[in-house]
Amino acid sequence: MKLIVGLGNIGREYANTRHNIGFMVADELARRYGVAFGKEERNAYCAEYRAPEKILIIKPTTYMNLSGVAVGAYANFYHIAPDDIAVIQDDMDMPVGQLRIRRKGSAGGHNGLKSIIEHLGTSDFARFKIGIGHPARNNQAVISHVLHQFQGEDKKTIEQAVQEMADALQEWAKTGDIEQVMQAYNKKKHSKEQDEQNAKSVPLTTQINS
């Protein structure tokens, strides 16, 4: 059994924002598998696919900072080992649309990962990261940035990245070979023009409660 976790914040105001990239990929995976997210259970919406191994795709409903509550509940209830868990997350330290897959690692300042590590009692689970770019390094700018929807070229870039990450997760779910998936998808795909555009982008002011 595999558990795929899309990280994000529940609520229409957060839909399609940079911090919700995990939800975007989870939705695309559910669409590809032809399954739907059911009612809230164990602090998450869950879509279940069987062919032949069971794959659970969840979107925690706890808001980002408490994502581990849902992940821990599903892992414990279904006896899912950390090696069979994949977490889809945003990463501000990578250019918009860049993919990076890791077998394990630290939280790296990501509150959703901190919570998951706390509730699983280990950091040994796969990370499927999509870059969202980085704003000025102050707290207000960061909050505004992660809650800003993708626009223009960034929107096109991220739509492609969501498709590629869904490809990577399907391969991982099918083969279980994280090393093979890393070799295939850990490629730098940004250009100089994209880097310049990211540097010029100005985030909108917003508030976040997660």
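The shortest side-chain heavy-atom distance between Tyr74 and Glu41 falls under the 4.5 Å cut-off. Between Phe77 and Arg42, some side-chain heavy-atom pair lies under the 4.5 Å cut-off. The closest side-chain heavy-atom distance from Asp83 to Phe125 is not below 4.5 Å. Between Tyr45 and Ile58, every side-chain heavy-atom pair lies at or beyond the 4.5 Å cut-off. Residues Phe128 and Ile4 have side chains not in contact (no heavy-atom distance under 4.5 Å, counting atoms from C-beta outward). Proximity of Arg103 to Glu179: side-chain heavy atoms (C-beta onward) are separated by under 4.5 Å at one or more points.
Other residues, nucleotides and ligands contribute at most 12 non-hydrogen atoms within 6.0 Å of the NZ atom of Lys104.
Using a distance-only test at 3.5 Å, with no hydrogens or angles considered, a donor-acceptor pair links the side chain of Asp177 to the main chain of Gln180. Side-chain atoms of Asn186 come within 3.5 Å of backbone atoms of Ile101 as a donor-acceptor pair (strictly under, hydrogens ignored). A donor-acceptor pair under 3.5 Å is formed between the side chain of Thr61 and the backbone N or O of Asn43. With Asn20 contributing its side chain and Asn16 its backbone, the two residues share no donor-acceptor pair below 3.5 Å. Judged by distance alone, the side chain of Ser115 and the main-chain N or O of Gly112 form no donor-acceptor pair under 3.5 Å.
Hydrophobic clustering, with ILVMFWY side chains joined whenever heavy atoms are under 4.5 angstrom apart, groups Ile21 together with Tyr185. Follow the hydrophobic side-chain contacts under 4.5 Å out from Val69 and you never reach Leu3; the two are in separate clusters. Put simply, Leu66 and Ile85 are part of two different groups of oily side chains (I, L, V, M, F, W, Y) that touch within less than 4.5 Å, one to the next.
For Tyr33 against Ala173, the heavy-atom pair with the smallest separation is OH-CB, 3.9 Å. The two residues Ala70 and Ala44 come nearest to each other via the heavy atoms CB-CB, 3.9 Å. Of all the heavy atoms in Ala26 and Ile57, the pair that sits closest is CB-CG2, 3.8 Å. Counting all heavy atoms, side chain and backbone alike, Gly6 lies closest to Phe23 at O-CE1, 3.2 Å. Of all heavy-atom pairs spanning Ala86 and Leu169, the tightest one is CB-CD2, 4.0 Å. Between Gly97 and Ala161 the shortest heavy-atom distance is O-CB, 3.5 Å.
Here CE of Met165 is found 4.5 Å from CG of Leu99. Values are rounded to the nearest 0.5 Å. The CD1 atom of Ile80 sits 8.5 Å away from the NZ atom of Lys54 when rounded to the nearest 0.5 Å. Within the model, atoms CD1 of Ile132 and CD1 of Ile158 stand 8.0 Å from one another, a figure rounded to the nearest 0.5 Å. Leu120 contributes atom CG, which lies 10.5 Å from atom CG of Leu113 (distance to the nearest 0.5 angstrom). Note that CD1 of Ile117 and OG of Ser123 are 5.0 Å apart. Values are rounded to the nearest 0.5 Å.
Inspection of the Arg32 and Gln163 side chains reveals an N or O donor paired with an N or O acceptor under 3.5 Å. Side chains of His110 and Asp90: a donor-acceptor N/O pair is present below 3.5 angstrom, by distance only.
Between Asp91 and Arg127, none of the side-chain N atoms (NZ, or NE/NH1/NH2) sits under 4.0 Å from a carboxylate O, so this pair counts as no salt bridge. Salt-bridge formation is detected for the pair Glu48/Arg50: a Lys NZ or Arg NE/NH1/NH2 atom is positioned less than 4.0 Å from an Asp or Glu carboxylate oxygen. No salt bridge links Lys156 with Glu159; every basic N to acidic carboxylate O contact stays at or beyond 4.0 Å.
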One pair to check against side chain to side chain contact (heavy atoms under 4.5 Å, CB included): Val5 and Leu56. What are the steps and the verdict? CA-CA 8 Å; Val5 183; Leu56 300 178; over 6 Å; no
Given the rule in the side-chain hydrogen bond (donor to acceptor under 3.5 Å, both in side chains) test, do Gln160 and Glu164 qualify, once you have shown the distances and angles that lead to the verdict? CA-CA 6 Å; Gln160 179 180 352; Glu164 292 176 350; 3.0 Å; yes
With side chain to side chain contact (heavy atoms under 4.5 Å, CB included) as the criterion, how do Tyr14 and Tyr63 come out once you've worked through the C-alpha distance, each side chain's angles and the decisive distance to 0.1 Å? CA-CA 10 Å; Tyr14 301 121; Tyr63 290 101; 3.6 Å; yes
Report the C-alpha separation of Ile130 and Gln98 in whole Å, then their side-chain angles, then the decisive distance to 0.1 Å, and conclude whether the side chain to side chain contact (heavy atoms under 4.5 Å, CB included) test is met. CA-CA 6 Å; Ile130 298 182; Gln98 183 176 327; over 6 Å; no
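Among residues two or more places apart in sequence or in another chain, the salt bridge (charged side-chain N to carboxylate O under 4.0 Å, His left out) test is passed with Lys2 by Glu53, Asp84.
Stacking of Lys59 on the aromatic ring of Phe37 is recorded, both the 6.0 Å distance cut-off and the 45° axial limit being met.
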